[in-house]
Amino acid sequence: MDFHHGMGDKLVYACRLLRKAYRSGASLVVTADMATLRQLDRQLWVFDEQEFLPHVCTSAGQAWPPRWKDTPVWLTDAPEQAPEGRQVLINLGRTLPAGIERYERFFDVVSTEPDDRQLGRQRWRQYESMGWTVKAHLAQE
């Protein structure tokens, strides 16, 4: 699991991380609270005028059309409910996401904001207690 920390703007960093993963052919799920995901949804439309990242934004328990299944980037507060076959989970949230064991790769993204950093430290300890090998990556903005 990759622990990305130290960025000033978590959503801009997430957009770049998503673009890189999408270009590599990965299918992704991004999780956080719905307010954060809605902000990310808006950011994905404007962060690069030359590129579009196909994505959907859905919440826990929401029915979604079957055609969404093949959309490469899912933004959801319920990652365990995303369609099977997603390789990468990115956590922008403040808690340990549900269903992380079903993903091949997992990223936790933590900003420089004091509360976010403290909660990130708590999650780090939880990941280690679950037997995950945590690799730290200091953001280069």
Side-chain angles (χ1 to χ4, degrees), residues 1-48 50-141:
M1 83 119 342
D2 295 280
F3 196 86
H4 290 231
H5 63 98
M7 71 283 310
D9 189 329
K10 194 154 86 166
L11 295 182
V12 169
Y13 186 85
C15 286
R16 290 194 314 261
L17 185 60
L18 284 167
R19 177 176 53 196
K20 183 178 179 180
Y22 171 72
R23 284 178 178 172
S24 76
S27 57
L28 308 115
V29 174
V30 181
T31 190
D33 61 88
M34 284 310 297
T36 299
L37 294 173
R38 285 186 194 101
Q39 289 175 350
L40 179 60
D41 179 35
R42 286 189 297 274
Q43 188 74 30
L44 284 170
W45 285 97
V46 298
F47 92 101
D48 185 338
Q50 305 299 314
E51 189 167 19
F52 171 71
L53 293 178
H55 66 281
V56 296
C57 187
T58 182
S59 61
Q62 178 183 346
W64 41 271
R67 71 179 184 278
W68 284 12
K69 181 178 181 267
D70 296 327
T71 305
V73 179
W74 275 61
L75 313 178
T76 182
D77 61 349
E80 73 281 5
Q81 295 177 7
E84 292 293 325
R86 309 282 145 181
Q87 298 105 348
V88 180
L89 176 64
I90 299 173
N91 182 32
L92 302 179
R94 299 169 69 82
T95 61
L96 187 76
I100 59 177
E101 60 282 339
R102 72 183 258 206
Y103 295 91
E104 296 170 23
R105 287 205 67 194
F106 174 55
F107 296 84
D108 198 302
V109 180
V110 181
S111 72
T112 55
E113 194 267 328
D115 286 344
D116 197 40
R117 288 178 59 198
Q118 182 59 36
L119 292 169
R121 288 183 187 112
Q122 290 174 8
R123 289 192 307 278
W124 178 299
R125 288 190 291 274
Q126 287 177 297
Y127 299 137
E128 287 184 326
S129 73
M130 294 167 61
W132 290 68
T133 301
V134 183
K135 294 181 277 183
H137 301 275
L138 182 59
Q140 302 295 315
E141 290 192 277

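Numbers here simply count residues along the sequence, with the first being 1. Side chains are part of it too, since the values below use all heavy atoms of this structure and drop only hydrogens, waters and symmetry mates.
Q81 places a side-chain N or O within donor-acceptor distance of the main-chain N or O of G61, the cut-off being under 3.5 Å. Distance alone, capped at 3.5 Å, is enough to place a donor-acceptor pair between the R123 side chain and the R94 backbone. Side chain of Y103 to main chain of P79: a donor-acceptor pair is present (N/O by atom type, distance under 3.5 Å, no hydrogens or angles). In this structure a side-chain-to-backbone donor-acceptor pair under 3.5 Å is missing from D2 to F107. Here the side chain of R102 pairs a donor or acceptor atom with the backbone of E80 at under 3.5 angstrom. Checked by atom type and distance alone, the side chain of T31 pairs as donor or acceptor with a backbone atom of T76 at under 3.5 Å. In this structure a side-chain-to-backbone donor-acceptor pair under 3.5 Å is missing from D116 to G120.
Here the CG atom belonging to L53 is positioned 12.0 Å from the OG1 atom belonging to T71, to the nearest 0.5 angstrom. The CE atom of M130 sits 12.0 Å away from atom CD of E128, with the distance rounded to the nearest 0.5 Å. Taking CZ of F3 as the reference point, atom CZ of F106 lies at 9.0 Å (rounded to 0.5 Å). One distance of note links CG of L92 with CG of L11; it measures 6.5 Å at 0.5 Å rounding.
Side-chain contact check for L40 versus C15: some heavy-atom pair is nearer than 4.5 Å. Proximity of D108 to Y127: side-chain heavy atoms (C-beta onward) are separated by under 4.5 Å at one or more points.
Between R19 and the choices D48, L44, V73, the side chain to side chain contact (heavy atoms under 4.5 Å, CB included) rule is met once, by D48.
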